[in-house]
Chemist: 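Provided herewith is a single structure, encoded as structure tokens, for subsequent inquiry.
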Amino acid sequence: MNTNPYNIEKDLRYLELLAKSFPTVAEASTEIINLQAILNLPKGTEHFIADLHGAYPAFQHVLKNASGNIKRKVNDLFGNEIRDSEKRELCTLIYYPEQKLELVKESEDDIEDWYHITIHKLVRVCRVVASKYTRSKVRKALPENFSYIIQELLHEKTEDYNKADYVKVIIDTIIDTGRADDFIKAICEVIQRLVIDQLHILGDVFDRGPGAHLILDMMKRYQNWDIQWGNHDIVWMGACAGNKACVCNVVRISLRYANLMTLEEGYGINLMPLATFAMNTYGNDPCEEFLPKSNGGSDKIDDSNTQLIAQMHKAISVIQFKVESQMFHKHPEWKMEDRDLLNCVDYERGVCTIKGKDYLMKSCHFPTINPKNPTALTPEEKKLMDRLHHSFVVSEKLRKHINLILSHGSMFSIINRNLLFHASVPLNADGTLKEVELYKGKKYAGKDLMQQTDLLVRTAFQSDSNSTERNYAIDYFLYLWCGPDSVLFDKAKMATFERYFLSDKATHKEEKGNFFALREREDVCDRILDAFGVEGSNRHIINGHVPVHVVNGENPIKGNGKLMVIDGGLSHAYHKETGIAGYTLVYHSRGFQLVQHEPFTSEDDAVKRGIDIKSTTQLVEMTDHRMLVADTDIGAELKKQIAALKELLYAYRHGYIKEKE
């Protein structure tokens with residue numbers, strides 16, 4: 001007698017819906033076969049990168065070369081078959097096909113022969129990077145114009161005697177019809193797309209470097225990616241939502257690094273009113289503390305512009321300290337009223353009194369500050385602030401980019417037993433999860449804190465939300481940016497005022513939270529992973545936020561391999577501090593590889609001289625078996641689908657559901 005291994009009656013409604021997609025035993029069986037086969041493919045390669053800070057050229061190159069993955073595959077594929085210089089030329093072509101083709105056509109005597117040889121090489125590389133995927137997935141990655149041709153070339157080989165002429169004619173015809181350049185560009189883009197299955201950005205696209213808007217333009221076209229928001233992302237999100245303190249911080253940081261391109265050209269923010277106000281107010285002020293730092297961009301500024309930027313920098317900084325102080329007093333629950341340092345300054349003596357101790361001010365020229373009410377904006381400052389606020393909230397492109405990182409992003413993610421977040425999980429001194437007050441006296445810790453913070457961020461952009469909650473959410477961006485228990489900051493203070501105005505460098509120190517002191521301990525990492533429900537023996541925390549000082553011997557691998565910090569300073573502004581030019585992490589079917597990069601020179605050097613980013617690969621953790629799709633989150637989901645389809649088969653075969661024609 002047959003016993004029912006399923007609870008068909010309970011699942012009948014679900015199975016009837018599933019039957020609409022698979023109306024016959026044959027179709028359900030075919031799908032089971034397909035899914036079972038996918039489970040046994042190698043795991044796709046994941047690419048992790050953190051703290052981009054507007055370093056568009058370096059980020060673009062790292063993405064194009066897949067942290068050296070393409071170079072490694074070319075070396076493995078061709079071995080001693082071709083010279084190293086030819087491998088280098090082939091890699092450069094894959095990274096920058098359009099630019100490289102122009103150079104080749106200028107120097108190559110027999111371009112048709114070059115086309116033949118090169119297309120054969122590119123097809124071989126494409127065949128290797130496509131081998132991890134189903135034909136269906138590869139087909140979806142192909143450009144429409146060349147989809148059929150590339151499919152044929154990938155699945156037919158010249159070694160096959162019966163198909164050699166067939167393959168040759170395809171390539172001959174591509175060349176004869178004048179489509180060789182277009183075909184080469186298309187297949188190079190397919191290689192770039194397939195060599196990485198998923199990209200994880202662990203926060204901080206914005207600030208310091210000049211190309212954040214270019215990075216996000218690029219990500220609009222990228223196929224499979226996610227982002228865990230960083231503190232520099234959140235301050236731009238706050239500015240877009242209308243938080244005036246965030247507007248000030250965004251403008252101030254842009255001026256600090258002479259990064260006007262992102263504001264003006266990228267997002268159409270009108271800085272002319274600020275420039276006019278700064279010249280009128282600080283025209284005779286040397287503003288030495290506010291001279292801009294290098295952002296690593298190609299734009300050079302002359303002395304007159306440098307002085308103007310310094311004046312604008314001071315003007316917006318003073319307004320920022322006023323606006324922030326007002327908000328700290330508006331929200332005493334944040335316990336940040338002690339950061340109202342404008343009320344701690346004796347403007348006659350030129351000292352700032354903090355915790356009963358006097359500190360000498362570097363300068364004390366504040367023409368817009370009333371010592372009796374230091375945090376009040378002057379009418380001119382208020383008018384300027386209103387205009388800047390308007391520029392940010394009506395910027396269509398900024399809104400689109402913020403919507404992009406909202407739709408692809410979150411405060412944290414758990415993917416394939418890896419916990420991803422940008423900065424911190426607030427901890428008590430004993431390593432237990434710290435409860436943090438978020439809204440109306442409600443306290444949360446760990447995963448709950450991250451989830452509720454995520455919801456609060458999204459509330460700021462929902463016009464149908466309760467107005468009180470939405471207004472608080474907009475205000476809370478400031479706390480996320482610089483609050484001591486913020487999951488995106490987690491330091492005792494942000495010492496911006498002290499660095500600008502106080503001579504004593506002891507006041508500049510920003511004491512990090514307990515997470516940063518305890519993350520070397522494996523038991524603390526395990527406690528965090530347990531709290532977030534991350535299971536398995538090879539589980540990890542991956543984050544960024546605080547640059548790893550390789551130059552001082554710091555190791556990015558912490559907690560006995562349980563935590564990996566991959567902020568190595570991709571942005572030019574960090575190179576001297578870290579001693580390198582960034583980390584990326586690659587997680588493929590054999591395990592983890594941490595890639596340490598030296599500075600990227602330029603696209604021109606890469607194309608004309610074949611100079612790649614010099615990278616050093618460190619094996620972090622290798623598995624004893626090759627990981628398959630079955631070992632991943634996608635595999636777990638496919639197994640559920642297979643189980644449901646098997647139940648549907650049972651329902652068909654035992655008459656619970658009738659097959660349809």
Chemist: Please step through side-chain contact (heavy atoms from CB on, under 4.5 Å) for the pair I415 and E46, ending with a clear verdict.
Modeler: CA-CA 10 Å; I415 302 174; E46 297 172 73; 3.7 Å; yes

Chemist: Should we count CD of E522 as having more than 12 external heavy atoms under 6.0 Å?
Modeler: yes

Chemist: Are Y476 and H331, when compared by the centres of their aromatic rings, separated by less than 6.0 Å?
Modeler: no

Chemist: Could you give the distance from NZ (K244) to CD (Q326), rounded to the nearest 0.5 Å?
Modeler: 9.0 Å

Chemist: Mark yes or no for whether T632, through its side chain, and V629, through its backbone, hold a donor-acceptor pair below 3.5 Å.
Modeler: yes

Chemist: Between D490 and K434 (salt bridge meaning N to carboxylate O under 4.0 Å), is one present in this structure?
Modeler: no

Chemist: Look at atom CD1 of I634 and say whether more than 12 heavy atoms of other residues, nucleotides or ligands are closer to it than 6.0 Å.
Modeler: no

Chemist: Please lay out, stage by stage, how V251 and Q320 fare under the test side-chain contact (heavy atoms from CB on, under 4.5 Å).
Modeler: CA-CA 10 Å; V251 175; Q320 174 191 313; over 6 Å; no

Chemist: Given 3.5 Å as the limit, does a donor-acceptor pair link the side chain of Y133 with the main chain of L194, or not?
Modeler: yes

Chemist: Test side-chain contact (heavy atoms from CB on, under 4.5 Å) on I541 and K558; report intermediate values, then the result.
Modeler: CA-CA 10 Å; I541 298 169; K558 304 179 186 298; over 6 Å; no

Chemist: Please say which of Q228, H545, H422 ends up in a side chain to side chain donor-acceptor pair (under 3.5 Å) with D204.
Modeler: H422

Chemist: Say whether, by atom type as modelled, one donor and one acceptor occur between the side chain of D454 and the main chain of M450 under 3.5 angstrom.
Modeler: no

Chemist: F592 and H540: aromatic ring centres closer than 6.0 Å?
Modeler: yes

Chemist: Assess whether side chain to side chain donor-acceptor pair (under 3.5 Å) is satisfied between H329 and E337, documenting all intermediate values.
Modeler: CA-CA 6 Å; H329 290 295; E337 292 168 285; 3.3 Å; yes

Chemist: Determine, step by step, whether D226 and Q198 satisfy the side chain to side chain donor-acceptor pair (under 3.5 Å) criterion, reporting the C-alpha distance in whole Å, the side-chain angles of both residues, the deciding distance to 0.1 Å, and the verdict.
Modeler: CA-CA 8 Å; D226 54 76; Q198 187 167 15; 3.0 Å; yes

Chemist: Between T459 and R470 (side chain of the first, backbone of the second, donor and acceptor by atom type, cut-off under 3.5 Å), is there such a pair?
Modeler: no

Chemist: CD/E498 to CZ/R339 distance, rounded to the nearest 0.5 angstrom?
Modeler: 4.0 Å

Chemist: With respect to F412, which candidate in F532, F421, W229 satisfies the ring pair (Phe, Tyr, Trp, His ring centres under 6.0 Å) definition?
Modeler: F532

Chemist: Looking at K440 and E469, is there a salt bridge between them, counting it only when a charged N and a carboxylate O are closer than 4.0 Å?
Modeler: no

Chemist: Check salt bridge (charged side-chain N to carboxylate O under 4.0 Å, His left out) between K330 and all other residues, then give those that pass, not counting sequence neighbours.
Modeler: D475

Chemist: Does anything in residues 526-539 form a side chain to side chain donor-acceptor pair (under 3.5 Å)? List the pairs, not counting sequence neighbours.
Modeler: R417-N538, D526-R539, D526-K562, D530-R539

Chemist: Output, in order, the C-alpha distance, side-chain angles, deciding distance and verdict of side-chain contact (heavy atoms from CB on, under 4.5 Å) for I49 and H200.
Modeler: CA-CA 6 Å; I49 188 166; H200 307 292; over 6 Å; no

Chemist: Regarding H53 and D207, is there a side-chain donor-to-acceptor distance under 3.5 Å anywhere?
Modeler: no

Chemist: Minimum heavy-atom separation for I32 and I642, please, with both atom names.
Modeler: CG2-CG2, 4.2 Å

Chemist: Can you tell whether the side chains of D217 and K397 come within less than 4.0 Å, N to carboxylate O?
Modeler: yes

Chemist: Can you tell me if S486 uses its side chain to pair, donor with acceptor, with the backbone of C482 under 3.5 Å?
Modeler: no

Chemist: Quick one: does N428's side chain have a donor or acceptor within less than 3.5 Å of a partner on D430's backbone?
Modeler: no

Chemist: Give the intermediate values and the outcome of ring pair (Phe, Tyr, Trp, His ring centres under 6.0 Å) for residues F206 and H232.
Modeler: CA-CA 6 Å; F206 289 96; H232 286 269; 9.3 Å; no

Chemist: Could you report the tightest heavy-atom contact between Y472 and L438, atom names first, then the distance?
Modeler: OH-O, 2.9 Å

Chemist: With no hydrogens and no angle check, is any side-chain donor or acceptor of D197 less than 3.5 Å from a backbone partner on T45?
Modeler: no

Chemist: Do any N or O atoms from the side chain of N514 and from the backbone of L427 form a donor-acceptor pair under 3.5 angstrom?
Modeler: yes

Chemist: With a distance cut-off below 6.0 Å to the six-membered ring centre and an angular limit of 45° from the axis, does K43 pair with Y587 as a cation-pi contact?
Modeler: yes

Chemist: Just by modelled atom types, is the L645 backbone N or O under 3.5 Å from a matching donor or acceptor in the E31 side chain?
Modeler: no

Chemist: Let me see the working for H401 and H213 under ring pair (Phe, Tyr, Trp, His ring centres under 6.0 Å), right down to the final yes or no.
Modeler: CA-CA 8 Å; H401 280 177; H213 59 296; 7.6 Å; no

Chemist: Tell me if a side-chain donor or acceptor on R72 pairs with a main-chain N or O of S67 at a distance below 3.5 Å.
Modeler: yes

